[in-house]
Amino acid sequence: MVVDIHVAREPSPAEAELLSRLDWFIRLRWLAVSGLLITIGVVGFIFPAVFPLLPMLVIAAIIAGYNLAFWLYARRLRLPRSEDTYRRRYREFIHLQIVLDLVALTVLLHLAGGRENPFAFYYVFYVIIVSILLPQRSAFVYAGLVTALFGGLVFLEHIGLLPHTDLAPVTGVASTRNSLYVLGEIGAFASTVFLVVYMASGIARRLHERTQVYLDTVRSLEERTQELSEANARLRQADKARADFVLVVTHELRAPIAAIQSFLRVILEGYAPNPAKQRELLERADARATEMLDLIANLLELSRLTAGEQGELKLLDMGEVLLNIVDVMRVMAEHKGLMFSVEVDPHLPPVRANESRLKEVWTNLISNAIKYTPSGGIVVVSAYQTPYYVVGSVRDTGIGIAPEDQARLFTPFFRTEGAKSLTKEGTGLGLSIVKQIVESYGGRIWVESRPGQGSKFSFALPRAHPPATSSTG
Ligand code: ADP
């Protein structure tokens, strides 16, 4: 088996097009040689003495010989080469083929009646193909060459420098009366016309296809450019958001440290002489330090979630997770003078989540409800199921949230003016963390609220085993 190790590079569409054109020429020439041999056989049989059959056979053999050489050379041209070298060789090769064909045609015409031979139409066929395939200048050169060859032949036969093969024995005196000659003339004309259509329309179709491919490429490039510029804009936006985030974080971390430092300075510089005052300042510093550690813990949690950490996933009963933390929450709520109630569907289907993260969701939402509901209010926590989700919700009768603030609640560090004036406690990170957790399990979170009337935060997690869609009837 012969393995062509050179065919490492796929030919480009342009190369493939050139190659297939070469193949066409060569294949067509085999057809022409066969046609020629059949014609020589037929005319030799019908008019044995009229045509110089041997020279005609020699010409047929020469055409077959150079076509064989072309066929072998075309196979070599297929080896990978740079496109420019390839184009140059292709041009030279095409020129050589056409010139040889035209010379062979002229010699054949000369042997078979010169001007009287209707196959002179074949010159036109060549001129048309050359006009399509080659640059205009080359086409004009060929028009000149064809004129020179045919004109020269007619002229040289006219002045007697070349012997003229008289077709009178074939055609009789009036060639238009001779049906065999007329048939030949029609045949020559028809084959020229059909060959021209076959080759010209074939080339036109291929060129059209290549243009289409080119246009498609341009279109998809335009789409890619658009996508890239959109992605670029998104990246710039993300970059800006990150820079803003770092700015806010730095600011948030700076405030408690500055406070701690000022408490310590008061003591160090002797402005708090009695131990009771010193202790009070140290306790305040300690409280700010705790606050800062909380903030740092929240930031760490948020960045872990952003990095896609889901924690160990288990099949969990959302109601059970709630009941684990609800006692602490109840104490906090009742301590603040709130009515606290819990409504849990006892047959909740499991969800796939991480237990401590799910606890974090519940704790954040319930402690917010407690924090932002003045005493005397109500907090109701519930867990229920829908066909595809298990839903947790925390409702309160607290300060509520203005509609324009509701969309911003889940962005880091956002706190409403109402919340800020009610309590200084709070980082504005809790809801961002909750949203990231819920969404990392394929769930979603939403809020319904009216300022002054209360809020209801709900989150839905997909059931670990969604019910089969077909009904049992
Ligand atoms: P934090 O409570 O630490 O400020 P969160 O991210 O938990 O941060 O909440 C962001 C903001 O959303 C709060 O500052 C508050 O303005 C608002 N918010 C959250 N829960 C409630 C609620 N139950 N009632 C009213 N406002 C709320």
Please set out all donor-acceptor pairs under 3.5 angstrom arising from side-chain atoms of residues 189-196, sequence neighbours excluded.
from	atom 1	to	atom 2	distance (Å)
S191	OG	Y122	OH	2.9
S191	OG	G187	O	3.1
S191	OG	A188	O	3.0
T192	OG1	A188	O	2.6

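- Residues passing the side chain to side chain donor-acceptor pair (under 3.5 Å) test with K371, sequence neighbours excluded: none.
- A search for salt bridge (Lys or Arg N to Asp or Glu O under 4.0 Å) contacts involving E291 returns R288, not counting sequence neighbours.
- Note that CG of L322 is 8.5 Å distant from CE of M318, once rounded to the nearest 0.5 Å.
- Note that CG of L431 is 6.0 Å distant from CG of L409, once rounded to the nearest 0.5 Å.
- The environment of CZ in R265 is sparse: at most 12 heavy-atom neighbours from other residues, nucleotides or ligands sit within 6.0 Å.
- Between the side chain of S34 and the backbone N or O of W30 there is at least one donor-acceptor pair closer than 3.5 Å.
- Using a 4.0 Å cut-off between a side-chain N of Lys or Arg and a carboxylate O of Asp or Glu, R219 and E223 do not qualify as a salt bridge.
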Listing, residues 337-351 side-chain donor-acceptor contacts under 3.5 Å, not counting sequence neighbours, or none:
from	atom 1	to	atom 2	distance (Å)
D345	OD1	H347	N	2.8
D345	OD2	Q385	NE2	3.0

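- With hydrogens and angles ignored, the 3.5 Å screen pairs no side-chain donor or acceptor of D396 with any backbone N or O of G454.
- With hydrogens and angles disregarded, a donor-acceptor distance shorter than 3.5 Å links the side chain of Q406 to the backbone of I401.
- A pairwise comparison of heavy atoms in P256 and L253 identifies CD-O, 3.3 Å as the closest pair.
- Under the ring-ring contact (aromatic ring centres under 6.0 Å, His included) criterion, H465 pairs with no residue at all, not counting sequence neighbours.
- A distance of 9.5 Å separates CD1 of I437 from CG of L302, quoted to the nearest 0.5 Å.
- Environment of OH in Y142: crowded, with over 12 heavy atoms of neighbouring residues, nucleotides or ligands closer than 6.0 Å.
- Residue L149 comes nearest to V103 through the heavy atom pair CD1-N, 4.3 Å, listed as atom of the first residue, atom of the second, then distance.
- Atom CZ of R352 has 12 or fewer neighbouring heavy atoms from other residues, nucleotides or ligands inside a 6.0 Å radius.
- Summarising the geometry, atom CD belonging to E301 is positioned 7.5 Å from atom OG belonging to S356; distances are rounded to the nearest 0.5 Å.
- In this structure, the side chain of R463 engages the main chain of T386 through a donor-acceptor pair within 3.5 Å.
- Atom CZ of R304 is separated from atom OG1 of T306 by 11.0 Å, given to the nearest 0.5 angstrom.
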Would you be so kind as to tabulate the donor-acceptor pairs closer than 3.5 Å made by side chains of residues 224-238, with sequence neighbours excluded?
from	atom 1	to	atom 2	distance (Å)
R224	NE	E227	OE1	3.4
T225	OG1	L221	O	2.6
Q226	NE2	E230	OE2	3.1
S229	OG	Q226	O	3.0

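- In this structure, the ring of Y66 has its center less than 6.0 angstrom from the ring center of F70.
- Looking at S393, its side chain never comes within 3.5 Å of a backbone N or O of F457 through a donor-acceptor pair.
- Contact check for F459 versus L365: side-chain heavy atoms found under the 4.5 Å cut-off.
- S449 and S455 share a donor-acceptor pair across their side chains, judged by distance under 3.5 Å alone.
- Crowding of E269 atom CD: a count of heavy atoms from other residues, nucleotides or ligands under 6.0 Å exceeding 12.
- Residue R395 qualifies as open at atom CZ: its count of foreign heavy atoms under 6.0 Å is 12 or below.
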